[in-house]
Amino acid sequence: MSAEFHGLRVLRGDPEATAAGLAGRRVRGVRRHGKFIEIELDGERSFIVHLGMTGKLLLNGAPGKHTHAILTLDRGTLLYDDSRQFGRLELSSGLPARVQALGPEPLEVTLGEFAERLHRRKTKMKALLLNQKFLRGIGNIYADEALFRAGIHPLATAARLKGERIRKLHAAIREVLAEAIAAGGSSISDYVDVDGRQGSFQVRHNVYQKTGEPCPRCGAPIRRILVAQRGTHFCPKCQKK
DNA sequence: ATCGGTACCTGCACGC
DNA sequence: TGCGTGCAGGTACCGA
């Protein structure tokens, strides 16, 4: 491949050195680590991509105002486009420490390990679900949707949950993620896959960005509060501390 | 080690 | 038509 970069914000490291390090490499595979994408290259190198809020990797897409990287491959081009520039690109040897430090995959973690990790945390449930060292890959939408399905208040203290409620949350996380993946994700305003296609799970959101609308279970108006500086949506009647 | 708060960006919808 | 405000799929970094 060959690579060119525009702007300095999204790229970690020197643009020239990164382009030189990528030149002539072959892509061996692509793996996901929570929200980090690892493009495995030959020579024990990896190109690490995090999409942030508005990042997109697009295969054979049209470059635009917010295109920060163009990777030219044998079979087409891969663009990195990101209007808010919260995403990051990095050429590294192996996995960076912050990627290795991620918590377990939510679709793989056992109920026992989940419960044990939960008991060690004093923070609010919503903040904990957003913490990538607790579980990798859960973001603001799926944190709110999972807590709603489990009937747990976003301000509930993690360590105080027990038994049945932990089991419900473990199941709710798995269900909401599995359904969202099957639906191609949630496209609110920006998200598209590598072929530019939108997901459809947003039409099945129960609480996320539904402030004031009736709860689908009990009809009470959905409330919005801030937890860990993030908009948090929940049903004040169905979700208990 | 863990926590909460702040900084980093652009774009859009809204009210005046 | 502008202009100010608030909001948005996230993480890194800082001090307590």
Side-chain angles (χ1 to χ4, degrees), chain A residues 6-13 32-37 48-58 64-69 80-90 92 95-103 106 116-148 154-160 173 176-177 179-181 183-194 196-212 222-233:
Chain A
H6 304 113
L8 292 170
R9 176 138 275 285
V10 300
L11 181 66
R12 287 177 167 259
R32 182 184 63 79
H33 307 271
K35 300 178 195 172
F36 292 84
I37 298 163
I48 308 293
V49 179
H50 193 297
L51 302 178
M53 294 273 214
T54 51
K56 301 168 193 170
L57 275 178
L58 296 170
K65 185 178 168 187
H66 300 296
T67 300
H68 304 290
Y80 183 73
D81 189 284
D82 188 354
S83 64
R84 288 180 73 183
Q85 298 175 241
F86 283 172
R88 289 295 178 269
L89 310 176
E90 176 182 12
S92 77
L95 280 184
R98 67 188 189 291
V99 178
Q100 293 183 43
L102 294 171
E116 198 216 321
R117 296 175 71 81
L118 206 61
H119 280 311
R120 289 192 250 125
R121 302 302 196 115
K122 280 281 289 173
T123 189
K124 324 249 179 264
M125 260 327 303
K126 170 65 184 280
L128 186 59
L129 291 182
L130 293 177
N131 183 345
Q132 302 297 297
K133 290 180 178 168
F134 176 64
L135 291 179
R136 57 179 67 184
I138 298 176
N140 208 32
I141 294 176
Y142 303 118
D144 281 3
E145 294 296 323
L147 287 172
F148 172 76
L155 296 177
T157 300
R160 298 236 269 258
I173 290 168
V176 80
L177 291 179
E179 289 174 29
I181 290 165
S186 301
S187 294
I188 309 284
S189 60
D190 294 285
Y191 173 72
V192 290
D193 70 12
V194 75
R197 283 188 293 251
Q198 299 191 345
S200 66
F201 193 69
Q202 67 281 1
V203 306
R204 285 196 272 152
H205 292 171
N206 287 306
V207 290
Y208 183 75
Q209 289 187 354
K210 303 281 186 197
T211 311
I222 298 302
R223 283 194 55 198
R224 179 185 181 278
I225 58 174
L226 277 184
V227 185
Q229 324 301 123
R230 308 298 303 280
T232 296
H233 314 78

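In what follows, every chain begins at residue 1, and chains take the letters A, B, ... in the order their sequences are listed. The model shown is predicted, which means the values in this text are computed figures rather than measured ones. Any value given below was found using the heavy atoms of this structure, including those in side chains, with hydrogens, waters and symmetry copies removed.
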Pick base, sugar-phosphate or nothing for [X], based on heavy-atom distances below 4.0 Å to the nucleic acid.
X	result
I141(A)	sugar-phosphate
K133(A)	nothing
K65(A)	sugar-phosphate
S83(A)	sugar-phosphate
D190(A)	base

Just to confirm, is there a sub-4.0 Å distance from OP1 or OP2 of [N] to any side-chain nitrogen or oxygen of [X]?
X	N	value
T123(A)	dG4(B)	yes
K35(A)	dT11(C)	yes
H50(A)	dG10(C)	no
R9(A)	dC8(B)	no
R88(A)	dG10(C)	no

Can you measure [X] atom [atom1] to [N] atom [atom2] for me and round it to whole angstrom units?
X	N	atom1	atom2	result
R224(A)	dC7(C)	CZ	P	5 Å
R12(A)	dA12(C)	CZ	C1'	8 Å
Y208(A)	dC7(C)	OH	P	12 Å
I188(A)	dC7(C)	CD1	P	16 Å
F36(A)	dG9(C)	CZ	P	17 Å

**OP:** Report the nucleotide, chosen from dG9(C), dG11(B), dC3(B), that has the shortest atom-to-atom distance to any side-chain atom of S189(A).
**Re:**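 Of all the options, the side chain of S189(A) is nearest to dG9(C).
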**OP:** Check whether more than 12 heavy atoms from other residues, nucleotides or ligands sit under 6.0 Å from atom CZ of R160(A), and answer yes or no.
**Re:**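 No, not enclosed.
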Original post:
Once the angle between the rings of Y142(A) and F201(A) is folded into 0 to 90°, is it parallel (under 30°), tilted (30 to 60°) or perpendicular (over 60°)?
Top reply: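 Aromatic pair Y142(A)/F201(A) classed tilted.
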Subject >> Plane angle bin for Y80(A) and H68(A) - parallel if under 30°, tilted between 30 and 60°, otherwise perpendicular >> reply: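 H68(A) and Y80(A): tilted rings.
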**OP:** Measure the distance between the ring centre of F86(A) and the centre of the six-membered base ring of dT11(C), then answer whether it is under 5.5 Å with planes under 30°.
**Re:**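 It does not: the ring fails the test against the base of dT11(C).
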Subject >> P atoms of dC3(C) and dC9(B), separation to the nearest Å >> reply: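 Nearest-Å result for dC3(C) against dC9(B) at atom P: 23 Å.
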Original post:
Looking at D144(A) and K126(A), does any basic side-chain N land under 4.0 Å from a carboxylate oxygen?
Top reply: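 Yes, this pair counts.
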**OP:** May I ask which nucleotide in the shown strands pairs with dC9(B), Watson-Crick or G-U wobble, both distances under 3.5 Å?
**Re:**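 Partner of dC9(B): none.
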